[in-house]
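Just so you know, these numbers come straight off a predicted model, no measurement behind them. Quick note on labels: first sequence line is chain A, next is B, and so on, each numbered from 1.
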Protein chains: 2
Amino acid sequence: MPDTSSVDHLVRLLRLFTMETERYISAFGTDNEMHRTDLNALGAIMEAGQSGDAMTPGRLSRRLQLSAPATSALLDRLESAGHVRRVRSTVDRRRVDLELTDTALDVGRALFAPLAKHLRPAIERYPAEQRALVAEFLTEVAAATRAAADGSTDATATKPRK
Amino acid sequence: MPDTSSVDHLVRLLRLFTMETERYISAFGTDNEMHRTDLNALGAIMEAGQSGDAMTPGRLSRRLQLSAPATSALLDRLESAGHVRRVRSTVDRRRVDLELTDTALDVGRALFAPLAKHLRPAIERYPAEQRALVAEFLTEVAAATRAAADGSTDATATKPRK
DNA sequence: CCTAGTCTTTCCACCGTGGAATCATTCCAG
DNA sequence: CTGGAATGATTCCACGGTGGAAAGACTAGG
């Protein structure tokens, strides 16, 4: 590895990291009867809950790039496992609002606990200033990836549009 | 977002990035008749080729956390699609060495081209010194994730052991 | 009403797993 | 050197899980 600051090297590292993450998910997912998509769904619902607006099956379908039927089946799985509730919206009764249960949070914690255990010491070695820089970098790279997936040409967009 | 240097925030960003990447892969995969595992396999074979040692079905099976039959089926798909060749090893004729064809490299390029188009301008905004810092950070985080997936307790291991 | 939007159901194809068996090759103990 | 493990790759089978396409049900709003 001659030049650790080259763009190609960074791209390769980003790819390597996602591969390792998929590996981790598949390894620990089978222990908890959860698969990749289910975890992504929980993450997306949680994320939406934190930012205020409610998550619906339609939004989730677009967020995860899943077809509508696959999303329904996904929600059936999560609901029968007790991780999510479907609540018909009172303002528009076509819509269904998704709510996470406490057991979902427990599963999330249980799944990420071993990963966090390894990640924390690696991250805490960096001072706050460098962590902020990495955070900024990751934010922009995630936005760029999202833009690429959406086929957009705006590589600097940070705001979700849907 | 109150504190962009907190560990939790960084972990969340890492997770967000992998979600966006999965999204991109699934969007691209459907266009090219390739699935996530197939692309990961190509990446793993390519990676092994760059680092010198040859990739074999057994190694690939462990790398991708796939069962032996699933790996054979995966290689059948890739071979019939013309992306990989199976060559019996000359040193140990039980083993099969995997070689990528030119069309696999084309697919790889086609896959990363739109992503790189968005990623490059975002990355190039950072000076070399900061990029090197991010590269170091990502290397350690990937190693930590790998260690977590392997169930190891050594969070700082950088060398693959298999 | 009638069109559009949201969610769901039904049916089907593909991917991955598990277990067990096959076959060739290599390693090793005696 | 030989006979018996061990290793690496592949195949077959039945099974479950995931995702897509088409079609239907329901509600909102002009």
Side-chain angles (χ1 to χ4, degrees), chain A residues 22-23 25-42 44-45 48 53-81 83-99 162, chain B residues 22-23 25-42 44-45 48 53-81 83-99 162:
Chain A
E22 283 188 20
R23 206 157 161 256
I25 293 294
S26 86
F28 281 78
T30 53
D31 298 348
N32 296 57
E33 313 283 326
M34 299 275 294
H35 295 260
R36 212 185 63 266
T37 307
D38 305 58
L39 292 168
N40 281 337
L42 289 187
I45 299 173
D53 35 31
M55 182 56 88
T56 69
R59 269 170 51 88
L60 189 63
S61 162
R62 289 185 290 275
R63 185 77 180 88
L64 301 180
Q65 299 276 93
L66 280 182
S67 67
T71 307
S72 276
L74 161 69
L75 290 174
D76 288 347
R77 289 197 303 270
L78 291 180
E79 191 169 34
S80 72
H83 295 325
V84 82
R85 270 189 301 270
R86 292 194 238 217
V87 185
R88 286 226 94 91
S89 168
T90 52
V91 296
D92 183 342
R93 289 179 41 222
R94 288 173 302 186
R95 282 178 33 197
V96 171
D97 289 339
L98 302 176
E99 296 176 358
K162 285 181 182 172
Chain B
E22 286 187 18
R23 213 166 104 98
I25 293 293
S26 87
F28 176 88
T30 53
D31 297 347
N32 295 58
E33 315 282 327
M34 301 270 296
H35 297 264
R36 208 183 40 268
T37 306
D38 305 57
L39 293 168
N40 279 338
L42 289 187
I45 298 173
D53 35 32
M55 182 56 88
T56 69
R59 271 169 52 88
L60 189 63
S61 162
R62 289 186 291 274
R63 186 77 181 90
L64 301 180
Q65 302 274 93
L66 280 182
S67 66
T71 306
S72 275
L74 160 69
L75 290 174
D76 288 348
R77 287 199 301 270
L78 291 179
E79 193 169 33
S80 72
H83 293 325
V84 81
R85 269 189 303 268
R86 293 195 237 217
V87 186
R88 281 223 103 79
S89 168
T90 52
V91 296
D92 183 344
R93 288 174 44 218
R94 290 173 302 187
R95 284 176 30 193
V96 169
D97 289 340
L98 303 176
E99 295 177 357
K162 287 180 183 175

Does [X] place a side-chain N or O at less than 4.0 Å from the phosphate oxygens OP1/OP2 of [N]?
X: R59(B); N: dA9(D); answer: no
X: T56(B); N: dG8(D); answer: no
X: R93(B); N: dT25(C); answer: yes
X: H35(A); N: dT18(D); answer: yes
X: R95(A); N: dG5(C); answer: no
X: T37(B); N: dG16(C); answer: yes

Options [options], nucleotide nearest the side-chain atoms of [X]:
X: R86(B); options: dG19(D), dC7(C), dT10(D); value: dT10(D)
X: R94(B); options: dG16(C), dC7(C), dA6(D); value: dA6(D)
X: S72(A); options: dT8(C), dT11(D), dT17(C); value: dT8(C)

What integer distance in Å separates [X]:[atom1] from [N]:[atom2]?
X: D76(A); N: dG17(D); atom1: CG; atom2: C1'; result: 13 Å
X: L60(B); N: dT10(D); atom1: CG; atom2: P; result: 11 Å
X: E33(B); N: dG19(D); atom1: CD; atom2: C1'; result: 15 Å
X: L66(A); N: dC7(C); atom1: CG; atom2: C1'; result: 15 Å
X: R36(B); N: dT18(D); atom1: CZ; atom2: C1'; result: 10 Å
X: L98(A); N: dC7(C); atom1: CG; atom2: C1'; result: 11 Å
X: I25(B); N: dT18(D); atom1: CD1; atom2: P; result: 21 Å
X: R88(A); N: dA28(D); atom1: CZ; atom2: P; result: 9 Å

Under 4.0 Å, counting only non-hydrogen atoms across every strand here, what does [X] touch: a base, just sugar-phosphate, or nothing?
X: D97(B); answer: nothing
X: A68(B); answer: base
X: P69(A); answer: base
X: L74(B); answer: nothing

Residue pair [X] / [Y], side-chain heavy-atom distance below 4.5 Å:
X: H35(A); Y: R77(A); value: no
X: H83(B); Y: D38(B); value: no
X: L98(A); Y: T56(A); value: no

Can you name the nearest heavy-atom pair linking [X] to [Y], along with the distance?
X: P57(B); Y: V96(B); value: CD-O, 3.1 Å
X: R59(A); Y: A54(A); value: NE-O, 3.5 Å
X: L60(A); Y: L74(A); value: CD2-CD2, 4.2 Å

Item to check | Given DNA chain D, 5'-ward residue of the pair D38(A) and D92(A), judged by closest heavy atom | outcome: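 Closest to the 5' end, via its nearest nucleotide, is D38(A).
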
